[in-house]
Protein chains: 2
Amino acid sequence: MQKEIELFKEHLKKINLKVTSQRLKVLEAFLKTEKHLSCEELFLIVHRNAPEVGYTTVYRTLKLIQKSGLAREVDFGDRVSRLEHEYGHQHHDHMVCLKCGKFFEVYEPEIEALQDKLAKKKNFTPVRHKMEIFGYCRECGKK
Amino acid sequence: MQKEIELFKEHLKKINLKVTSQRLKVLEAFLKTEKHLSCEELFLIVHRNAPEVGYTTVYRTLKLIQKSGLAREVDFGDRVSRLEHEYGHQHHDHMVCLKCGKFFEVYEPEIEALQDKLAKKKNFTPVRHKMEIFGYCRECGKK
DNA sequence: ATGAAATTGAAAATCATTTTCAATTATACT
DNA sequence: AGTATAATTGAAAATGATTTTCAATTTCAT
Ligand SMILES: [Mn+2]
Ligand SMILES: [Mn+2]
Ligand SMILES: [Zn+2]
Ligand SMILES: [Zn+2]
């Protein structure tokens with residue numbers, strides 16, 4: 001976790017932003033929680049131990065965490081932004097159950113390779129992609 | 001276009017909803033515009049010829065158009081819901097340029113097949129999926 | 001220590017979308 | 001054709017996530 005905190009501080013320095021206790025508290029709460037967190041969920045976690053940190057600051061800090069490369073946004077189509085760990089985590093995509101809402105992380109190297117190939121064929125320089133398969137999980141699929 | 005209108009009317013009948021001039025006006029505007037339209041964009045188009053149709057009705061009708069199978073929602077990550085034609089159109093995914101915002105429709109059968117295979121492997125029953133590749137288009141990629 | 005520049009949190013604003021509700025309209029059934 | 005009933009309508013208000021505003025506070029290079 002120290003490595004991540006250092007990377008975050010470096011990122012702040014690089015863009016002339018200041019290291020504040022609020023920002024560190026938000027970052028640490030994010031790092032300790034290995035989940036796909038919405039801003040609100042993270043605010044509630046931070047708020048428990050540090051009620052002095054405002055909602056707005058959590059929002060703003062989450063943007064910084066993303067930009068520092070420690071997190072990426074995931075979008076399950078419900079119009080709520082969620083963050084997942086990026087640093088030290090392999091890229092992956094998701095399958096989302098339309099009934100119970102559970103989701104599963106998936107990674108298929110063959111698909112990843114074909115995506116790059118497809119982009120190249122179209123003279124497109126890929127930066128990132130998003131793939132979500134919606135359907136019914138093992139339990140919910142049994143009708 | 002008549003075929004689509006018939007399908008829409010059938011869908012309404014099936015769920016005991018009424019055929020109204022407002023709904024037909026919204027549908028026709030959608031069918032005539034082969035674009036990835038947001039609700040607001042479609043409202044403006046409808047409004048030109050039929051200022052009596054309200055914003056809310058456009059929203060509500062778009063939901064019906066989706067449910068009738070004539071359109072599907074696309075999500076380019078900007079928190080705005082857009083609809084594209086579904087009926088008579090092959091499924092496809094998108095590549096979105098991070099610089100100029102242009103997007104391209106892509107279809108790669110090998111990827112589609114692997115997605116299904118992946119789902120099956122996880123005992124997941126796929127219903128639909130979404131794949132977007134973000135990056136730089138041919139023009140913007142040249143720096 | 002000092003001061004310029006950045007940060008903060010509360011409240012207000014924004015923006016897409018959804019809900020509410022009283023007035024209007026479509027449709028099934030005389 | 002007339003009527004009853006349930007659905008529909010549009011304007012306005014509500015919602016909910018996110019963003020902006022701003023005066024007070026804090027950081028950090030000097
Ligand atoms: Mn994940
Ligand atoms: Mn498309
Ligand atoms: Zn499920
Ligand atoms: Zn471009």
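The chains referred to below are lettered A, B, ... by the order of the sequence lines, with proteins before strands, and numbering in each begins at 1.
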> What does nucleotides 23-30 of chain D look like as a protein-contact string, B for base, S for sugar-phosphate only, - for none, at under 4.0 angstrom between heavy atoms?
Replying inline: ----BS--
> Under 4.0 Å between a side-chain N/O of A:Arg23 and OP1 or OP2 of C:dT8, yes or no?
Replying inline: yes
> Do any side-chain nitrogens or oxygens of B:Lys63 fall under 4.0 Å of OP1 or OP2 in C:dT18?
Replying inline: yes
>> Reading DNA chain D from 5' onward, which residue's closest nucleotide shows up sooner: B:Arg79 or B:Leu64?
In response: B:Leu64
> Of the candidate nucleotides C:dA10, D:dA12, C:dT17, which contains the atom at the shortest distance from the side chain of A:Arg60?
Replying inline: C:dA10
>> Using the side-chain heavy atoms of B:Cys39, tell me which of these nucleotides is nearest: D:dA17, C:dT17, C:dA11.
In response: C:dT17
Could you give the [atom1]-to-[atom2] distance, from [X] to [N], as a whole number of Å?
X	N	atom1	atom2	answer
B:Arg82	C:dC15	CZ	C1'	14 Å
B:Lys25	D:dT9	NZ	C1'	12 Å
B:Asp78	D:dT19	CG	C1'	16 Å
B:Leu12	D:dA7	CG	P	13 Å
B:Glu52	C:dT25	CD	C1'	14 Å
A:Gln66	D:dT18	CD	P	10 Å
B:Tyr59	D:dT8	OH	C1'	19 Å
B:Leu42	C:dT17	CG	P	12 Å

Within the 6.0 Å centroid threshold, strictly below: [X] and [Y]:
X	Y	result
B:His85	B:Phe30	yes
A:Phe104	A:His94	no
A:Phe134	B:His129	no
B:Phe124	A:Tyr136	no

>> Would you call the rings of A:Phe103 and A:Phe76 parallel, tilted or perpendicular, taking 30° and 60° as the class edges?
In response: tilted
>> If you assign each of B:Tyr55 and A:Val53 to its closest nucleotide in DNA chain C, which residue comes earlier from the 5' end?
In response: A:Val53
> Are side-chain N/O atoms of B:His91 and B:Glu112 paired as donor and acceptor at under 3.5 Å?
Replying inline: yes
>> Looking at every non-hydrogen atom in both residues, tell me the closest pair between B:Gly77 and A:Lys130 and how far apart they are.
In response: CA-NZ, 4.5 Å
> Looking across every strand, which nucleic acid part, if any, lies under 4.0 Å from B:Ser81 by heavy atom: base, sugar-phosphate, or nothing?
Replying inline: sugar-phosphate
